[in-house]
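What follows is a set of notes on a single structure, which appears directly below.
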Amino acid sequence: MTDTFGPTPIRVLIADDQRVVREGLSMLVALIDDVEVVGAACDGAEAVRLAETHRPAVILMDLRMPDLDGIAATAQLRERLPAAQVLVLTTYADTDAIVPALRAGARGYLTKDASAEQIEAAIRAVHAGQTYLDPAVQERLVAAVISQSPSPDPANLAGTGTGTGTGTGTGTPPDGLTTREAEVLALLASGLSNAEIAQRLYLSHATVKTHINRIFAKTGARDRAQAVRYAYQHGLATPAQ
């Protein structure tokens with residue numbers, strides 16, 4: 001017999017203290033195929049209560065809310081509903097907001113200038129257990145990690161002790177990356193989309209996707225955020241000043 005009910009929808013809860021934003025997001029998200037909005041909360045405490053009642057798969061979480069803010073709510077949700085994935089959607093993209101949100105358990109982070117396509121992609125990614133970070137957020141996060149690391153040692157960047165050699169200035173790329181793959185990875189780390197990388201390098205869309213899949217395989221990255229972190233750690237990209 002044919003299943004007439006279709007796939008199980010992704011259940012989404014929205015938390016934002018601004019009514020116009022809540023209602024707008026509810027309307028936008030409800031238009032996404034196979035996604036169902038199961039509730040809308042005006043603060044973090046209500047988000048936790050509604051999540052325990054409706055058991056959403058994904059929670060779109062604002063950060064700056066009264067009573068219980070989004071970071072504290074995310075931490076509570078990680079303890080009470082570990083299967084629910086929190087996707088931050090906020091005005092703030094500074095490291096003082098990004099890092100605590102990720103530490104609290106958020107799997108994705110978008111700013112409120114995100115497009116409808118980005119929001120849909122982020123919902124689907126975090127629902128699948130992947131990390132989804134806005135490109136600008138990726139860059140700021142990695143820059144913050146690097147700034148907190150010990151002072152750079154050129155010998156370490158050259159990969160001494162491993163024999164792999166890293167960096168874009170000298171030697172071959174690490175972990176068997178080809179020169180072209182290293183170039184694609186550097187552009188990915190700078191925040192370019194696949195289409196923009198293809199345009200920059202005069203490659204087809206399919207070729208760029210092939211390069212990125214090979215980059216993931218060689219570096220052990222599971223998603224773009226991990227590939228970006230790898231690029232910065234191995235000197236294949238540098239934070240914007």
Side-chain angles (χ1 to χ4, degrees), residues 71 74 78 85-88 90 92-111 114 118 121-122 124-126 128-194 196-197 200-201 208-241:
I71 293 172
T74 297
R78 182 172 62 176
Q85 306 294 350
V86 173
L87 170 60
V88 171
T90 184
Y92 307 96
D94 54 279
T95 55
D96 289 341
I98 298 167
V99 174
L102 296 179
R103 285 177 176 165
R107 292 301 300 264
Y109 199 111
L110 290 175
T111 58
Q118 285 178 306
R124 296 192 187 283
V126 299
Q130 301 170 0
T131 302
Y132 193 101
L133 302 178
D134 181 278
V137 170
Q138 288 183 12
E139 187 170 336
R140 293 186 186 187
L141 176 61
V142 176
V145 171
I146 291 173
S147 69
Q148 294 171 5
S149 300
S151 56
D153 183 345
N156 290 337
L157 291 179
T160 57
T162 64
T164 56
T166 59
T168 55
T170 59
T172 58
D175 295 319
L177 291 172
T178 66
T179 301
R180 176 62 88 186
E181 287 164 355
E183 192 174 10
V184 169
L185 179 54
L187 293 174
L188 185 154
S190 71
L192 270 62
S193 67
N194 287 11
E196 290 168 332
I197 293 171
R200 180 77 62 89
L201 298 180
V208 170
K209 288 183 67 174
T210 297
H211 281 313
I212 291 176
N213 287 336
R214 288 174 178 167
I215 288 166
F216 285 3
K218 292 178 180 181
T219 64
R222 294 192 300 271
D223 51 43
R224 294 174 80 94
Q226 291 188 356
V228 169
R229 185 178 300 112
Y230 176 95
Y232 281 105
Q233 289 174 340
H234 291 77
L236 299 173
T238 56
Q241 300 299 317

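Numbering of residues begins at 1 and proceeds along the displayed sequence.
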Contacts of E196 meeting side chain to side chain contact (heavy atoms under 4.5 Å, CB included) (sequence neighbours excluded), chain-then-number -> L192, S193

Here the gap from Q233 atom CD to Q226 atom CD, rounded to the nearest 0.5 Å, amounts to 10.0 Å

Shortest non-hydrogen contact between V228 and A189, atoms and distance: CG2-CA, 3.8 Å

What are the two closest heavy atoms between V88 and A101, and how far apart are they? CG2-CB, 4.1 Å

Holding to side chain to side chain contact (heavy atoms under 4.5 Å, CB included), I want the full list of residues that pass it with A114, two or more places apart in sequence or in another chain. L110, Q118, I119

What's the separation between atom CZ in R214 and atom CZ in F216, rounded to the nearest 0.5 Å? 14.0 Å

Smallest heavy-atom separation, A182 atom then L236 atom, equals CB-CD2, 4.4 Å

What are the two closest heavy atoms between L87 and A122, and how far apart are they? CD2-CB, 3.6 Å

Could you tell me which residues satisfy side chain to side chain donor-acceptor pair (under 3.5 Å) with R200, sequence neighbours excluded, listed by chain and number? none

When rounded to the nearest 0.5 Å, the distance separating CG of L187 from NE2 of H211 is 11.0 Å

Rounding to 0.5 Å, atoms CD1 (I212) and CG (L185) come to a distance of 9.0 Å

Determine whether V86 and R107 satisfy the following criterion, side-chain contact (heavy atoms from CB on, under 4.5 Å), listing intermediate values before the conclusion. CA-CA 6 Å; V86 173; R107 292 301 300 264; over 6 Å; no

Restricting to side chain to side chain contact (heavy atoms under 4.5 Å, CB included), what partner residues turn up for A97, sequence neighbours left out? L63, R64, Y92, D94, Y109

Minimum-distance pair of heavy atoms, taken over all atoms of L188 and A227: CD2-CB, 4.4 Å

Closest non-hydrogen atom pair, T111 against A93: CG2-CB, 3.6 Å

Which residue pairs satisfy the salt bridge (charged side-chain N to carboxylate O under 4.0 Å, His left out) criterion with at least one member in residues 180-193, sequence neighbours excluded? R180-E183, E181-K218

To the nearest 0.5 Å, how far apart are OH in Y232 and CD in Q138? 8.5 Å

Residue pairs, two or more places apart or on separate chains, that pass salt bridge (charged side-chain N to carboxylate O under 4.0 Å, His left out) and touch residues 184-194: none

Quick one: pull up CD1 in I215 and CZ in R224 and give me the separation to the nearest 0.5 Å. 9.5 Å

Do D223 and L133 come close enough that some side-chain heavy atom pair is under 4.5 Å? no

